Amino acid sequence: MDEIIVLEQVNKFYGDEVVVQVLFDIDLSIKSGQFTAFIGPSGSGKSTLLNIIGLLEAPTSGKVSLDGQDISGLNKGEQASYRNEKIGFIFQFHYLLPEFTALENILIPHWIGKGKPPQEIVGRAMYLMERIGIEQYGGKYPHQLSGGQQQRVAIARSLINQPKIIFADEPTGNLDSKTSGMVMELLKEIVRENKTNLVMVTHDRDIAAGADRVIEIVDGRINCDFTAGRMGREKVRQELEHMACTFSSADDA
Amino acid sequence: MRFNTYEFMIAYRFLLNGRSQTVLIILGIAVGVAVQVFLISLMDGLQRNLIQRTIGSSPHITIAPPLSAPQPLGIGGGVIDDYQKPLKTEESEILSWQRYGEHLAGIKEITVAAPMVNGNGYIEKGRSSFPVIIKGITLPEADVIYKLKKNLVNGDLRPGGNNVLIGVASSEKSGLQTGDTFYLRNQKGTGDYFIIQGIFDLGASAANNMVVMSLDRARTFLDITGISAIEIQVHDVFAADGLAKELGENFGQVKAESWQERNKELLSGLRAQDTSSAMIQFFVLLSITLGIASVLAIIAIQKSRQLGILKAMGTNDKSAARIFIIQGFSMGFAGALVGILLGLGLTELFMFGTKSSGGPTYELKITLTNILLPAVLAAASASVAAFVPARRAAGLNPMEVIRNG
Ligand SMILES: Nc1ncnc2c1ncn2[C@@H]1O[C@H](COP(=O)(O)OP(=O)(O)OP(=O)(O)O)[C@@H](O)[C@H]1O
Ligand SMILES: [Mg+2]
């Protein structure tokens, strides 16, 4: 299947008494094997969109298909299994379980989906940890790790079930720029290695410039959408420079 | 409900992580269970004690002809009016008692079935006469019921011919002692001389007013062709009721009366005690349930972040709920185990205490039901209590957690 994500006329409203529309008739299709970055001002609806595609939230109307499957019709339980098998999440706040060690945290998605991980899966977790440079922290608890280390554990966790898509909402938003760059490089590499798709929300111009496709959301609508392949990375960077307004919060992020 | 292994893994990790909370709630359950185990054992022991003292030395079931109402010894001590039943029929006496005896011997529940002859008479001494109950017995059957041998004040248990035993009350009233010969008159006015072989003390005043002789001697003395009653003791005193009913239906011509029918007041007293201990148990359980519910509710709130993450990673609502059910049940189970041990310890301590202080020693009844019932109830109520946080966990939207950090 060529299109990994297809959105048709997706709308999202919030609130019961005061109803606010956050997303307006979003039509979007994302090709397989790409790194897609969503950018846009704060409150524009990036996270909402990401969570809808990631089955964490339901659209008020419209259709979402992942990997050729219409997921709008799945019930809550089916959505949960789908998230477990096909989707990896990396959040801004690393959201590790404090009761479990780094290695245990990485293995939890496997526990949830298939029960006790066999040696082969533990081996995979070890490999992932080694690959992103946290192999010596497997037995440590999250509170014993730095922010960057925790985020790397979260990356390994998002990959353990070999998901089709990884959704990352400002995964480096909480890290200093050096650590952030390092984590991003690792993420991109490992995503490529694992042949999975990466969809990311970011406020970081440099990160966005490294994406295959950049989609700007403003006030719940797609404002700008360009693909690096066609225009070249330098062009994208220049484009992004011009669109300074949308990175209003980039520097303080 | 199908449980997944990871639900146990997460539940136990949560419990281990909140160690002091977990220990506290387990202790709370344990104390509740211990109190119940002790209370039930105490109540059970006291009741059995009371029943044993009331009916231990008297028949549990009395089979008697329909026209007579022979009162068992020790309770009531009523009278059979021989003058009112001149005819020897199955209605007034048990004529074919050997036949009944054979039937009764075949019933497992029955420890002993003893033929009895009852009647009234007077000890004549000088110008005075003292009314007594005349009882004809066979040995060793009657001794199993009345424990005469054990309760002999002096003399021997060797009734036969004109050798008899008399109760302490009769002995004191008449001044007769072991070895004395006295004149005993029946209600028809005829009489004979008897020799006292021994004196017994059965505790109850009516029973201590008896003259006990052999069954055959009593039959001729009281002019009874058959016997007055068959008195029965059974293994399980509480089964006497049912067995009596069964026997009554089987025999048709005679009536079978259980100790329960004769001791309605005692039984209703015991029942009131049962009700009050059931109420105490109910409230102990209620407080256990509420305690666990509130602690688990707190844990559910404390863990909402973790639940949100787990749900984002594919834990479904039912699994999230089960994680809390497992926690509730596990704490209930652990609490019940500890509670059983505590309760047994408490019971032993109580028995040791009453024994060493020289007070009345009650054998507290530690039965499997007495232990398992409160434990199972506690574990069950802990699981029920867990439904409150479980529902919360099931309803939690992972977005709440993920959006708000
Ligand atoms: N549960 C909710 N109820 C009501 N309004 C909501 C809710 N969640 C989000 N919103 C609103 O929806 C809009 C879009 O929010 P969203 O989180 O998608 O923005 P964003 O683009 O991710 O912003 P940021 O860059 O600050 O993360 C915001 O105005 C926000 O206030
Ligand atoms: Mg956001």
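Model, not experiment: these values are computed from the prediction. In what follows, every heavy atom counts, from backbone to side chain, and hydrogens, waters and symmetry copies are set aside. In what follows, chains are A, B, ... by sequence order, proteins preceding strands, each numbered from 1.
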Is the shortest distance from a Lys or Arg side-chain nitrogen in B:Lys303 or A:Glu99 to a carboxylate oxygen in the other one below 4.0 Å?
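Yes, charged N to carboxylate O under 4.0 Å.
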Which atoms of B:Met313 are under 4.5 Å from chain A, going by heavy atoms: the side chain, the backbone, both sets, or neither?
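Both parts, heavy atoms under 4.5 Å.
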Does any backbone or side-chain atom of [X] lie under 4.5 Å from a heavy atom of chain B? Answer side chain, backbone, both or neither.
X: A:Ile112; value: both
X: A:Tyr141; value: side chain
X: A:Tyr82; value: neither

With B:Lys311, the side-chain hydrogen bond (donor to acceptor under 3.5 Å, both in side chains) member among B:Asn397, B:Asn316, B:Asp317:
B:Asp317
Do other residues, nucleotides or ligands put more than 12 heavy atoms under 6.0 Å from the CZ atom of A:Arg131?
yes
Between the side chains of A:Asn11 and A:Ser61, is a donor N or O closer than 3.5 angstrom to an acceptor N or O?
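The criterion, which ignores hydrogens and geometry beyond distance, is satisfied for A:Ser61 and A:Asn11.
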Considering only heavy atoms and a distance below 4.5 Å, find which of A:Lys116, A:Glu104, A:Glu85 pairs most often with chain B.
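Maximum pair count with chain B is reached by A:Glu104.
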Hey, could you give me the CZ/CG distance between B:Arg13 and B:Leu16, rounded to the nearest 0.5 Å?
7.5 Å
